[in-house]
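Accompanying notes for the structure given below.
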Amino acid sequence: MLRIKRVPTVVSNYQKDESEEAARRGGGCGRNCLNKCCIQGANLPLYAFKKLNKVVCDKGMPEFENREPPVAFLDSLLLGEWEDRMQRGLFRYDVTACETKVIPGQHGFIAQLNEGRHLKKRPTEFRVDKVLQPFDGNKFNFTKVGQEEVLFQFEASEDGEVQFFPNAPVDVENSPSVVAINVSPIEYGHVLLIPRILECLPQRIDRDSFLLALHMAAEAGNPYFRLGYNSLGAFATINHLHFQAYYLSVPFPIEKAPTEKITSLDGGVKISKLLNYPVRGLVFEGGNTLQDLSNTVSDACMCLQDHNVPYNVLIADCGRRIFLFPQCYAEKQALGEVSAELLDTQVNPAVWEISGHMVLKRKKDFEEASEENAWRLLAEVSLSEERFQEVYAFISEAIAAHASLEDSDGKSESLEDVDAITNPPCAMVTGTQECLVLQ
Amino acid sequence: MDSQLNFNIENSFNSRYSYCARQVLDELPDSFTISDPSISGHPIVFVSKGFLKVFGYSKDEVVGKNGRVFQGPKTDRKSVMEIREAIREERSIQINLLNYRKDGTPFWMLFHMSPVFSKEDGRVIHFVGVQVPISPPWRPRWSASGAVRNGANMCDDGDRVCGNIMFGSCRREVCSDTPVELSRVLALESVLDDSSRGLGIEETCEASYLEKQKAEAAINKIFSVLTRHSELTGRFVCAKRHCLPGAGILSSSLNISLGRIKQSFVLTDPHLPDMPIVYASDAFLRLTGYARDEVLGHNCRFLRGVDTDFSTLYQIKESIQTEQACTVRILNYRKDKSSFWNYLHISPVRNASGKVAYFVGVQIEEGSKNQDRNGLCPEMRHRSVVGAVKVAVRSLSMGAGPSRS
């Protein structure tokens, strides 16, 4: 069994040492949390989004989804609620007081000095060789956060129009998805999207949850509001299904990296690989519908987790471009293959670091931050070319298998039960294949 | 288009260049647009006849729009991001881009964009964007033989057209006989149009050397016209930044970001004497009745009047000194001397080095009709503006590009 020791990030003020129980007062557990004890009768703002089942960009008409201004409503809601929590003092530090800079060089890596994020907590052991682990209600999970840390409920609108209810009852039966603050933000607006929070899902991608995350990116309508996902073994610290998101109005190095097309699928989704970037990864874009894109990426993610390959996902450009990185840093770390120099920086290469946004804990590292250093760290994260090809081969099989199943069934709702990996009905990628073999 | 925006757009061009600049630009055969990053939404303020011909729109359908409306589903997202970044960094860019005509047909063009600087204070006044259609059959990036063949073609039938563009200066004589030339270019382009219809669109495309030269030449011509006609207004522009923007001048990218926020707010700079306003939103100007140049560079005290409560003013002063956010209800006065109750929220805004760079003041007129916009309560509306401003200022002061530190 492979384990690493690291200081867990404190994402909630209720994530104290588990032994510390808050004094009980009034009804419930006294913390006004999201568990059964407190959730009955609770009210939270509710944002219901329009299901973009049609597409990100449907027709050839130029004026499709291209409205950036004015600030979209979800954007204002999120920023307003977040600033409100900031003024109420719920965060562990003011992230806007943390110095940040673009590192000179060709790629434009971004470095932030954040000395407050990782203090206090003692290192904890994490198992890194199992991407899928069962949910454990005894450990910290998001049902334990206080309701004041929740910004709003986020769900699909029933009548197909955007709706907002400042004070909506929490429908426990319906298992709402919620957006909550991360009390240790790495940038302004750092939040967590927790799909169907009361169902206590483990950190594991499924089609519905991924589509929800994509809808959030599309609804926010801001190319600088990105969502990210870390699997277990790829620096997720909490085994309760969640995505992260925050604002940073500069392009990430990963978004600037050149790409080379590998293939196009029937649904219009284009798959490319990254070139000239220290971490090998795949880029998914296009698709006739948002759901096409979402299904393809989530099938790829499900395939990785079923194969026990840790990975990270970045949802960029309002949900139009999605980056997927299988990684092996934690495994190398557990096996003692990472240099002490890199470990000393205590940078955990999760989705944001891989995308080029480095959060540094030591002033020295911040001052000496260089493109070379960032590159060296990220190069350790990447799979080898050989392994990457192997991984891509089974991803493409899984995508093809799901696609061909959908063709024969018409619309498929959930394919989670189908073991497409061990038993692929079709081993070929549908659609035009340009270069299946990566070199 | 609302009348204020309309006025801003007219004014953006007219206040900078003399009255006959339009006419001279209209005579240029090229497809180009001029946009103003200081107006909310970064709209196009001038469009050439060549552009309208190529894209199939009328002038009114283009002026006031942002250039992104000509992109479509197959437009490469990375290229779009690269243009966004060039605007952010206030520099030129030349890139192959898939655009869409009004009828929805996509076509490849070489897009060349350059900032126009104010000679006086180094700020970006406009962006000029030139579109050179890339002649089909579109060459996939790696087909070198195709490039040579097409380059040669372009040279053959483009000789007369490009000759003037490449070697002609921006002398009036050249410009004066352009109607003839214009019709030639348009004829050529419509031929290209017809042959391009029905063709599958390539995923990538590379402009030929000649097309790059053509774009470069067009930019030079346009700059020559703009420079010359800015001399007559005394508000000189230039293609190269002569000085770094001075104190109190926001980068155009910060202006663009702030321009997306539709509510009434101002940004003030506490590091300048008397803490003047350095940004005022359109909604603020509508609310108070002042013009932008009447408020920029001035302290907010012009909003006070005889019945404004001194203890409230003291409260504001104190929150600024302690760098704390505060919310007050204050009696303010418009330019026409009428008063209104201002539900005001003030908050410090830090830059990328973590220091307080500005204060943002968000005004909500009490009792005004649009109070319930989107169902957000006034406090939440205050905070959403503060949040958006904090994100913009922090991100756009990170040191990439020439923005002021």
Side-chain angles (χ1 to χ4, degrees), chain A residues 55-64 66-71 73 75-84 86-87 94-102 104 108 110 113 164-166 187-189 223-224 247-251 255-259 261 264 268 270 285-286 316-317 320-321, chain B residues 40-42 65-66 68-74 77-78 80-82 84-85 88 99-106 203-204 253 257 259-262 325 347 349-355 374-377 379-388 390-396 398-401:
Chain A
V55 196
V56 185
C57 37
D58 215 342
K59 34 189 184 163
M61 285 307 288
E63 269 167 299
F64 61 113
N66 255 332
R67 295 164 283 117
E68 258 175 88
V71 171
F73 180 58
D75 221 28
S76 334
L77 174 65
L78 203 150
L79 289 165
E81 295 278 354
W82 206 88
E83 177 66 23
D84 174 68
M86 189 160 163
Q87 296 192 0
D94 176 359
V95 71
T96 71
C98 293
E99 200 176 339
T100 185
K101 65 181 179 189
V102 174
I110 305 143
L113 176 61
F164 178 65
F165 307 93
E187 254 313 326
Y188 197 91
Y224 298 119
Y247 290 89
L248 188 62
S249 298
V250 284
E255 296 169 329
K256 296 195 276 187
T259 58
K261 182 175 153 183
S264 293
K270 181 171 98 179
E285 51 200 328
D317 199 3
R320 290 187 186 99
R321 294 182 87 204
Chain B
S40 171
H42 190 184
K65 296 281 184 341
N66 182 287
R68 78 172 69 84
V69 304
F70 309 108
Q71 298 155 9
K74 289 226 157 81
R77 298 303 306 170
K78 185 163 165 279
V80 173
M81 190 210 69
E82 282 168 22
R84 200 156 57 211
E85 205 193 352
R88 205 179 91 82
N99 265 196
Y100 287 71
R101 297 189 185 83
K102 192 185 176 186
D103 65 12
T105 53
E203 299 225 354
T204 55
S253 50
S257 292
R260 295 210 184 100
I261 307 167
K262 293 298 167 194
S347 171
V349 178
R350 295 173 188 276
N351 62 14
S353 32
K355 308 274 182 328
N374 289 330
L376 285 188
C377 63
E379 290 74 22
M380 215 43 89
R381 287 164 57 203
H382 276 153
R383 283 157 184 71
S384 79
V385 174
V386 173
K390 282 184 175 177
V391 169
V393 168
R394 179 168 169 79
S395 302
L396 297 170
M398 283 178 41

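Just so we're on the same page: letters track the sequence lines, and every chain starts at 1.
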Checklist line | Thr100(A) side, atom OG1; Arg394(B) side, atom CZ - distance, nearest 0.5 Å | finding: 5.0 Å
Next item on the list: Side chain from CB out, backbone as N, CA, C, O: work out which of these in Met81(B) comes under 4.5 Å of a heavy atom of chain A, or both, or neither.
Entry: side chain
Item checked: salt_bridge(Glu83(A), Lys390(B)) N-O dist < 4.0 Å -> yes
Check: Can you name the closest pair of heavy atoms from Ser76(A) and Ser384(B) and give their distance?
Finding: O-CB, 3.0 Å
Check: Measuring heavy-atom distances to chain B, does Asp84(A) have an atom under 4.5 Å in its side chain, in its backbone, in both, or in neither?
Finding: both
Next item on the list: Pick one of side chain, backbone, both or neither for Gln87(A), based on which atoms fall under 4.5 Å of a heavy atom in chain B.
Entry: side chain
Notebook entry, point to check: With a 4.5 Å limit on heavy-atom distance, are the side chains of Val386(B) and Met86(A) in contact?
Noted result: no
Check: How close do Met398(B) and Val250(A) get, heavy atom to heavy atom, and via which atoms?
Finding: CE-CG2, 4.2 Å
Note to self: Please report the interatomic distance CG(Leu376(B)) to CZ(Phe73(A)), rounded to the nearest 0.5 Å.
What the structure shows: 4.0 Å
Checklist line | Test side chain to side chain donor-acceptor pair (under 3.5 Å) applied to Glu82(B) - qualifying residues, sequence neighbours left out | finding: Lys78(B)
Checklist line | Separation between CD of Glu285(A) and CZ of Arg77(B), rounded to the nearest 0.5 Å | finding: 9.5 Å
Check: Shortest non-hydrogen contact from Ser353(B) to Glu99(A)?
Finding: CA-CG, 3.7 Å
Check: What are the two closest heavy atoms between Val391(B) and Ser249(A), and how far apart are they?
Finding: CG1-OG, 3.6 Å
Check: Non-hydrogen atoms of chain B under 4.5 Å away: do they reach the side chain of Glu81(A), the backbone, both or neither?
Finding: both
